[in-house]
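Each remark here refers to the structure printed beneath this line.
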Amino acid sequence: MTKIDVLLGLQWGDEGKGKIVDVLTPNYDVVARFQGGPNAGHTLEFNGMKHVLHIIPSGIFHKDKINLIGNGVLIEPRIFRQEIEELAAKGVDATQNLFVSKKAHLILPSHRMMDAANEQAKGNMKIGSTLKGIGPAYTDKIARSGIRVGDTLSTDFRERYELLKEQHVRQAQTLGFDIAAFRIDGMSLEEYEKVWMESLETLKRFRMVNSEYFINQCLKEDKKVLAEGAQAMMLDIDFGTYPFVTSSNTITAGVCTGLGVAPSAIGRVMGITKAYCTRVGAGPFPTELFDETGHRLCELGHEYGATTGRPRRCGWIDIPALRYACMINGVTELYVTKPDVMNDFETVSMCTAYDVNGELTGEIPFEYNTLPIEPVLTNYKGWQQSLQGISEYAALPEALKDYLAAIEKQTGVRIAAVSISPDRKDVLFK
Ligand code: GDP
Ligand code: IMO
Ligand code: MG
């Protein structure tokens with residue numbers, strides 16, 4: 001029996017997970033998503049084309065590979081249909097190699113309304129959700145009132161749908177939310193519901209599987225499986241910067257519950273980190289830069305959300321957070337992305353500890369959201385040259401290699417590869 005490899009983000013998302021999955025897919029037979037849903041935006045670039053995936057695994061462009069949407073994932077049928085149609089327009093027929101777990105939960109239009117209603121009710125404490133319905137749909141899953149993909153085939157589906165929707169309408173009314181004014185993509189709840197129901201028919205055309213049996217059978221047959229994480233460590237519902245997190249377990253442990261594999265079946269754990277750090281939405285971010293450097297990282301890195309288009313907050317790489325991520329996830333190797341964004345920087349800084357009221361700590365404190373945390377920075381000489389055309393790790397500028405070596409030393413985890421452009425071809429394995 002072979003083991004399942006895991007690839008996940010170590011920061012606050014958007015580390016370049018989609019790109020690295022796409023690059024690694026030729027080494028695998030199956031790529032499987034295990035949590036999250038359309039809140040994710042995974043960007044792939046090759047042959048001068050850019051593709052953004054939300055629910056569909058990033059192995060989909062390799063047509064001989066199976067892509068699986070696991071039980072831990074949330075599916076919004078209309079967004080799913082849009083992705084399928086976009087792929088079809090690019091000549092990718094996903095109906096052949098995309099399987100969907102019967103146990104994956106559905107995001108209803110009224111879940112999306114509740115996301116907006118909850119955010120509005122939170123006022124200053126709002127999370128900055130992507131408003132795709134993630135929190136409310138996982139809430140219903142845990143409350144045991146959710147609806148799963150497999151349930152769409154049952155005769156009482158519509159009845160259950162209406163019941164759940166009514167519940168949401170009552171909740172929204174209690175919160176004083178203006179349901180009549182609510183819009184999704186310019187459509188009222190009723191209008192969107194119609195499109196959503198039609199989209200369900202597209203979803204039903206895909207192979208619905210008991211994915212836990214499917215995955216375990218693959219492992220038994222020594223097929224190679226890669227679990228693709230969405231969001232990231234610091235957005236994890238248990239260990240992230242709660243309450244400014246997403247509503248799923250984004251960590252390695254989430255692979256066990258989100259796909260139905262035993263902890264002993266976990267193999268390599270590949271952690272993705274940018275050479276700096278970004279965050280989109282509200283919540284603590286100790287190394288955030290509010291100055292010209294932060295602005296440069298945002299502009300040079302094109303740091304605008306792949307799902308919402310919002311500008312991402314930018315700052316230096318955060319070693320205490322990375323170490324925490326390596327510990328919680330059992331990271332066996334690091335992939336570092338986007339050092340090229342800092343090509344022109346004279347100095348590149350790294351936060352190696354936090355100064356909390358004069359005391360140094362390398363730990364993430366419980367009071368992360370409220371304590372005054374000052375990052376303790378170590379400066380590194382910038383490499384000040386383009387990385388374009390470099391095709392081997394060894395040929396990277398010495399100053400960049402020093403910086404990367406410092407990341408390895410600080411985290412105690414080896415770097416497997418570095419990505420130096422958005423393109424599929426620019427990943428240098430060490
Ligand atoms: P994901 O959510 O982790 O898959 O990451 P996103 O796709 O949301 O954001 C990563 C962004 O960085 C995308 O626009 C990628 O095309 C881009 N990207 C990925 N790797 C690199 C890299 O090494 N250099 C540069 N400049 N851009 C990269
Ligand atoms: P990928 O997979 C970055 C953030 C949102 C918000 C919080 C909760 O592309 O890395 P949610 O919609 O889940 O209720 O939002 O989490 N967030 C992400 N930030 N990348 C993502 O996904 C994210 N998915 C959610 O901005 O702060
Ligand atoms: Mg993203």
Side-chain angles (χ1 to χ4, degrees), residues 7-23 33 35-46 49-55 57-58 73-74 76 107 111-112 114-116 118-119 122 126-139 228-237 240-248 250 271-276 278-285 297 299-313 335-343 386-388 390 417-428:
L7 183 151
L8 37 73
L10 302 181
Q11 299 171 310
W12 278 282
D14 307 324
E15 295 89 352
K17 298 176 290 293
K19 177 197 163 157
I20 303 295
V21 169
D22 172 56
V23 168
R33 279 276 304 269
Q35 47 69 236
N39 49 348
H42 294 179
T43 315
L44 285 62
E45 276 192 49
F46 49 86
M49 289 258 278
K50 180 173 160 171
H51 315 274
V52 182
L53 297 164
H54 301 285
I55 307 173
S58 299
V73 177
L74 297 178
E76 209 276 34
I107 298 178
H111 281 133
R112 296 188 62 175
M114 280 312 299
D115 219 352
N118 288 337
E119 282 284 74
K122 283 194 160 101
K126 82 168 189 236
I127 287 155
S129 157
T130 62
L131 300 177
K132 303 296 177 195
I134 301 294
Y138 276 128
T139 299
E228 171 182 2
Q231 291 76 58
M233 168 67 220
M234 298 304 279
L235 291 170
D236 179 79
I237 185 73
T241 51
Y242 193 89
F244 303 102
V245 292
T246 190
S247 297
S248 65
T250 58
I272 319 294
T273 174
K274 281 179 193 174
Y276 50 98
T278 65
R279 170 162 209 174
V280 58
F285 180 5
L297 284 171
E299 290 309 314
L300 296 168
H302 306 290
E303 295 295 356
Y304 294 89
T307 296
T308 58
R310 291 177 292 177
R312 296 175 184 145
R313 301 154 64 190
Y335 284 71
V336 180
T337 60
K338 304 187 92 164
D340 55 292
V341 170
M342 301 192 287
N343 281 351
S386 165
L387 306 180
Q388 216 180 336
I390 297 180
V418 177
S419 165
I420 56 166
S421 97
D423 197 276
R424 183 191 264 178
K425 66 178 177 1
D426 287 322
V427 176
L428 315 182

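Below, all heavy atoms of this structure are taken into account, side chains as well, without hydrogens, waters or symmetry copies. Given the structure is predicted, the values throughout are model-derived calculations rather than measurements. If you read the sequence from its start, that first residue is 1, and numbering goes on from there. In each ligand, atom 1 is the first atom listed, and ligand 1 is the first ligand listed.
In the candidate list A306, G41, A275, G41 is nearest to atom 6 (P) of ligand 1, counting heavy atoms. Comparing D423, D14, V341 against atom 9 (O) of ligand 1, the shortest heavy-atom distance belongs to D14.
Annotation for ligand 1: atoms under 4.0 Å from non-hydrogen atoms of I420 are 23 (O), 24 (N). Below 4.0 Å from some heavy atom of S419 lie the following atoms of ligand 1, by number and element: 20 (N), 21 (C), 22 (C), 23 (O). Every atom of ligand 1 is numbered from 1 in the order shown, and the set under 4.0 Å from a heavy atom of H42 is 1 (P), 2 (O), 4 (O), 7 (O). Using a 4.0 Å cut-off to heavy atoms of E45, the atoms of ligand 1 that qualify are 16 (O). Near R312, meaning under 4.0 Å from one of its heavy atoms, ligand 1 places the atoms 8 (O), 9 (O). For ligand 1 and S421, the ligand atoms under 4.0 Å from any heavy atom of the residue are 20 (N), 21 (C), 22 (C), 23 (O), 24 (N), 25 (C). Atoms of ligand 1 lying under 4.0 Å from any heavy atom of G18, numbered from 1 in the order shown and given with element: 4 (O).
The closest approach between any non-hydrogen atom of A232 and ligand 2 is not below 4.0 Å. For G13, the heavy-atom gap to ligand 1 stays at 4.0 angstrom or more. Under a 4.0 Å heavy-atom criterion, G128 is in contact with ligand 2. By the 4.0 Å heavy-atom criterion, H302 is excluded from the residues contacting ligand 1. Close to ligand 2: R310, with a non-hydrogen atom less than 4.0 angstrom away. The closest approach between a heavy atom of H51 and any atom of ligand 1 is not below 4.0 Å. Residue contacts with ligand 2 include V245, since one of its heavy atoms falls under 4.0 Å from the ligand. At least one heavy atom of Q231 sits closer than 4.0 Å to an atom of ligand 2.
Donor-acceptor pairing under 3.5 Å is lacking for the side chains of N39 and T130. No donor-acceptor contact under 3.5 angstrom links the side chains of S386 and N343, judged on distance only. Checking Y304 against E299 by side-chain atom types alone, a donor-acceptor pair falls below 3.5 Å. If you check the side chains of S419 and K19, you find a donor sitting under 3.5 Å from an acceptor.
Rounded to the nearest 0.5 Å, atoms OG1 (T139) and NE2 (H111) are 8.0 Å apart.
At least one donor-acceptor pair closer than 3.5 Å links the side chain of T337 to the backbone N or O of E15. Counting only distance, with no hydrogens or angles, the side chain of Q11 and the backbone of M234 share no donor-acceptor pair below 3.5 Å. Checked by atom type and distance alone, the side chain of D22 never pairs as donor or acceptor with a backbone atom of G18 at under 3.5 Å. No side-chain donor-acceptor contact under 3.5 Å links D426 to the backbone of D423.
At a heavy-atom cutoff of 4.0 Å, ligand 2 is contacted by no atom of F244, backbone or side chain. When non-hydrogen atoms are compared, ligand 1 lies under 4.0 Å from the side chain of K19 (C-beta onward) but not from its backbone. Contacts with ligand 2 closer than 4.0 Å are made by no heavy atom of E15, backbone or side chain. Residue L235 touches ligand 2 through its side chain alone, judged by heavy-atom distances below 4.0 Å.
Of the protein's non-hydrogen atoms, the one nearest atom 20 (N) of ligand 2 is D14 OD1, 3.1 Å. Among all protein heavy atoms, the one lying closest to atom 12 (O) of ligand 2 is T130 OG1, 2.6 Å. The protein atom (non-hydrogen) at minimum distance from atom 7 (O) of ligand 1 is T43 OG1, 2.6 Å. Annotation: atom 14 (O) of ligand 2 to nearest protein heavy atom, S129 OG, 3.4 Å. With hydrogens left out, the protein atom closest to atom 13 (O) of ligand 2 is T246 OG1, 2.6 Å, a heavy atom. The protein heavy-atom contact nearest to atom 25 (C) of ligand 1 is D340 OD2, 3.4 Å.
In terms of polar-atom proximity, defined here as any N/O pair under 3.5 Å, I134 makes no such contact with ligand 2. Considering backbone and side-chain atoms together, K338 places an N or O closer than 3.5 Å to an N or O of ligand 1. Between V280 and ligand 2, at least one pair of N/O atoms sits closer than 3.5 Å. The shortest N or O to N or O distance between K17 and ligand 2 is below 3.5 Å. Note: no N/O pair closer than 3.5 Å links T337 and ligand 1 by distance alone. In terms of polar-atom proximity, G16 is counted as a contact of ligand 1, with an N or O under 3.5 Å from an N or O of the ligand.
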Assess whether side chain to side chain donor-acceptor pair (under 3.5 Å) is satisfied between Q231 and T250, documenting all intermediate values. CA-CA 6 Å; Q231 291 76 58; T250 58; over 6 Å; no
Yes or no on side-chain contact (heavy atoms from CB on, under 4.5 Å) for V52 and H42, after CA distance, side-chain angles and deciding distance? CA-CA 5 Å; V52 182; H42 294 179; over 6 Å; no
Step-by-step salt bridge (charged side-chain N to carboxylate O under 4.0 Å, His left out) determination, R312 to D14: CA-CA 9 Å; R312 296 175 184 145; D14 307 324; 2.9 Å; yes
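Taking backbone and side chain together, G13 holds no N, O or S atom under 2.8 Å from the Mg ion (ligand 3).
Ion pair R279/E303 not flagged as a salt bridge, since none of the NZ, NE, NH1 or NH2 atoms sits closer than 4.0 Å to an Asp/Glu carboxylate oxygen.
For D14 atom OD1 and G41 atom O, the angle they make at the Mg ion (ligand 3) is roughly 170°, to 10 degrees.
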